[in-house]
Amino acid sequence: MSQDNNAANTFISVAHVASELFKAQSIAEELSITSKNARALAVRAGSTAAGFNEITRFIEGLSKLTIEAATSVNTIAISQTKIAANLFRTHGFIVRLNKVNYQAKENQPDIIDNIFQKVDSERKQLERKISSSLRELIDRLDETKMELRATQVVSVVSRVEASRASEEFQGSLNSVADKVSSAGSRINSHLETARKHLAHLQ
Amino acid sequence: MKAISLYQKGNHKWYCFGRDPDRDEKIIDTNQYMVMNGEQSIILDPGGIELFSQMLTSVLRYTTLDEITALFASHQDPDIISSLGLWDQCLPKAKLYSPWIWESFLAHFGMSNIKFEGIPDEGSSFQLGNTSLQFIPAHYLHSSGNFNVYDKEAKILMSGDIGAALDKDDAPFFVEDFEAHIPKMEFFHRRWMPSNKPKDDWIASVRKLDIEILAPQHGGLFKGEMVGQFLDWFERLDVGIAQNK
Ligand SMILES: [Fe+2]
Ligand SMILES: [Fe+2]
């Protein structure tokens with residue numbers, strides 16, 4: 001029964017990861033809109049906000065990166081939950097098969113044992129698949145977290161650039177910087193939660 | 001799996017999940033629903049075992065496992081609730097609301113943790129957070145023990161297999177052209193629904209309800225005046241005929 005629980009824990013955890021990444025993705029989509037607005041703002045602010053225009057490209061890149069990561073994590077996670085759910089059913093099947101009271105007749109092949117061997121090798125295969133795709137999932141999450149460190153830098157640089165712009169635009173440019181840093185930290189916290197859901201499976 | 005929001009007012013929400021692009025084509029496409037109010041959620045017709053993974057992933061985008069306090073199965077069919085044994089592992093404290101006659105049948109799907117709450121034939125109401133949902137009898141449409149879920153605040157009637165259509169995977173969530181939709185549901189209703197009497201009783205009872213959205217378990221949802229169009233069409237249709245097409 002404990003193997004059953006392992007499989008159940010895996011599909012629950014991985015489904016949690018996918019939903020955290022989905023939330024991160026919606027924030028990244030907001031961020032992408034922020035960056036487009038910021039670009040329009042930089043154009044209006046003219047030469048004093050020229051540096052800002054460059055920054056919006058960065059922001060755009062960051063949001064794209066998060067969206068890509070979310071999509072690929074989502075694909076891994078969905079296939080992972082499927083494997084885990086299959087594994088759960090396979091364990092259940094093996095437990096029940098073990099309870100079958102059957103004695104092969106002399107010189108006859110042991111049908112139950114044949115089935116058992118087949119399913120048990122499937123089980124092993126599923127378990128291998130699970131641990132390798134778990135590895136993949138963890139790597140992808142860690143990688144994204146690393147890449148997102150840049151958001152904090154971008155937000156600091158944005159503030160510096162904002163202070164150079166003419167006064168009427170400073171407020172709006174600063175609010176872009178605020179949005180970037182808040183989006184960055186919210187995305188980060190979703191990634192962290194996602195990562196925690198996997199911690200006990202390693 | 002795609003998701004749309006059907007209703008949202010404060011912390012009272014309805015979601016519909018379906019049109020899963022990764023679904024095996026041998027499996028009939030289904031709509032799953034989730035109603036949330038405050039810190040409680042109920043999943044209506046949670047679906048078959050094959051789409052459990054996508055469903056679990058999808059609902060966790062909006063709620064947590066602790067908050068899913070109940071499941072509802074309109075009837076005993078595999079496309080409705082064969083995932084029970086897997087939900088049973090994730091929601092050990094949840095209750096399953098379903099027609100009382102199906103209790104010992106549903107247990108075959110695996111129900112060691114979830115507690116069964118049989119809905120009496122005449123229907124009952126269910127408290128979800130600060131709101132209440134109505135289990136409306138829809139027996140013999142098509143299953144001999146069968147309920148719809150009505151939410152008078154959201155004006156949504158989740159009608160299970162009633163109003164079901166077999167449609168393309170990329171069909172929109174809402175029916176856009178009623179006339180064009182008829183061929184997609186006619187055979188299903190004529191072949192699966194056993195008799196006219198319960199059909200007429202059901203139509204009379206739901207005509208008394210204020211319905212903005214009629215939400216079936218397969219195919220497009222009916223909105224606004226299409227709800228009335230559907231009831232009129234269903235009223236005219238002779239059911240219980242086993243003729244292939
Ligand atoms: Fe059915
Ligand atoms: Fe159905």
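Letters A, B, ... are given to chains in the order of the sequence lines, protein chains preceding strands, and every chain is numbered from 1. As a basis for the values below, the full set of heavy atoms in this structure was taken, side chains included, without hydrogen atoms, waters or symmetry mates.
- Applying the 6.0 Å contact sphere to NZ of B:Lys2 captures more than 12 heavy atoms from other residues, nucleotides or ligands.
- Proximity to chain A at a heavy-atom threshold of 4.5 Å picks out B:Ile49, B:Glu50, B:Phe52, B:Ser53, B:Gln54, B:Leu56, B:Thr57, B:Leu60, B:Arg61, B:Tyr62 from residues 40-64 of chain B, in numerical order.
- Taking all atoms of both residues into account, the shortest heavy-atom contact from A:Phe11 to B:Cys90 is CE1-SG, 3.5 Å.
- Each of A:Val14, A:Asn74, A:Thr81 has some count of heavy-atom pairs under 4.5 Å with chain B, and the biggest count is that of A:Thr81.
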Apply side-chain contact (heavy atoms from CB on, under 4.5 Å) to residues A:Ile78 and B:Met1 and explain how you reach the verdict. CA-CA 10 Å; A:Ile78 295 249; B:Met1 180 174 285; over 6 Å; no
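- Residues from residues 23-33 of chain A that place a non-hydrogen atom less than 4.5 Å from a non-hydrogen atom of chain B comprise A:Lys23, given in numerical order.
- Contacts with chain A (heavy atom to heavy atom, under 4.5 Å) involve no residue of residues 100-112 of chain B.
- Annotation: A:Glu147, atom CD; neighbour count of heavy atoms from other residues, nucleotides and ligands within 6.0 Å is above 12.
- Within a 6.0 Å sphere centred on NZ of B:Lys13, other residues, nucleotides and ligands contribute more than 12 heavy atoms.
- Residue A:Ile12 holds its CD1 atom at 7.5 Å from CD of B:Gln89, rounded to the nearest 0.5 Å.
- Heavy atoms of other residues, nucleotides or ligands lying less than 6.0 angstrom from CG of A:Asp120 number more than 12.
- Listed by sequence position, the residues of residues 143-173 of chain B in contact with chain A number zero, using a 4.5 angstrom heavy-atom cutoff.
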